[in-house]
Amino acid sequence: MRKGHRPSQAPSNRPRFWGRHAVSAALANPERKVRRVWGTRETLAAFGGFPADLPVTYAEVADLGRLVPQDAPHQGIVIEVDPLPDIWLGDLLEQGVGNQRPLLVLDQVTDPHNVGAVLRSAAAFDALGLVTQDRHAPPESGALARSASGALEIVPWVRVVNLARALDEIGEAGFWRIGLTGTAPRLLGDAIAGARVALVLGAEGEGMRQNTEAHCDELAKLPISPRVESLNVSNAAAIALYAVATRG
């Protein structure tokens, strides 16, 4: 039996991804099951061959536009995929043993563009993975995959039922859980020191819930100007990851 906080149930619907970065990354991911491909002849030729058992349909640009949300920049190719297999939090934490890779935790961040951008930053700074609650986070989607620019396929994403219990498990694994909030008395740079860090971020405007803050080891803030009330959560995540990566 697997150890650790169980993952949530994956959504049953099959998302459609578009754009060359998202599609290329999905096709290259052995954990991703691609069910169908649509594309223009020119774009499909640029991708080269596809597996023999994968249905591939030639389509005009206008036809592709009807397969995706309005004005989505499909770049001549659309795929239908299965959601990635569930990942257990305990398995992800075991991957972090013996290294200093940071972990990202998002509390009720529901915008797919923000979550995609956070995944992209997580990939750029070699984060261990992303943890979100299942009911208050976006599902895998074309918009999220495009914002992630391929990072959805390479950054482990754990969805949990109860974020507070997940934070308990993260703390037990030896991570120093730092909640980012503009009201904290201490700067992030002073808080990270040499610890294995889990960065906890809440939704823009609302911030972290009180119960989430209570399950952090400490709260810290970014050194932003008082002329700006807050940063977009994806920008804050990128700056925090940079601070961890460059700490002395």
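Taking CD1 from Ile170 and CG from Leu103, the interatomic distance works out to 5.0 Å, rounded to the nearest 0.5 Å. Considering CG of Asn99 and CG of Leu128, their distance stands at 6.5 Å, rounded to 0.5 Å.
Leu152 and Leu119 get closest at one heavy-atom pair: CD1-CD1, 4.0 Å. In this structure, Phe17 and Glu153 approach most closely via the heavy-atom pair CE1-OE2, 3.6 Å. Annotation for Gly39 and Leu44: closest pair O-CD1, 3.6 Å, computed over non-hydrogen atoms. Here the closest non-hydrogen pair linking Ile178 and Cys216 is C-SG, 4.4 Å. Closest heavy-atom contact between Arg247 and Val197: NH1-CG2, 3.5 Å.
Judged as a salt bridge (Lys or Arg N to Asp or Glu O under 4.0 Å), the pairs with a partner in residues 53-75 (not counting sequence neighbours) are, in order, Asp63-Arg66.
Judged as a side-chain contact (heavy atoms from CB on, under 4.5 Å), and not counting sequence neighbours, the contacts of Arg36 are Trp38, Pro55, Thr57, Glu80. For Arg35, the salt bridge (charged side-chain N to carboxylate O under 4.0 Å, His left out) partners are Asp82, not counting sequence neighbours. Applying the side-chain contact (heavy atoms from CB on, under 4.5 Å) criterion to Asn232, with sequence neighbours excluded, gives Asn114, Glu204, Ser234, Asn235. Pro30 pairs by the side-chain contact (heavy atoms from CB on, under 4.5 Å) definition with nothing, not counting sequence neighbours. When the side-chain contact (heavy atoms from CB on, under 4.5 Å) test is applied to Ala28, no partner is found at least two apart in sequence or on another chain.
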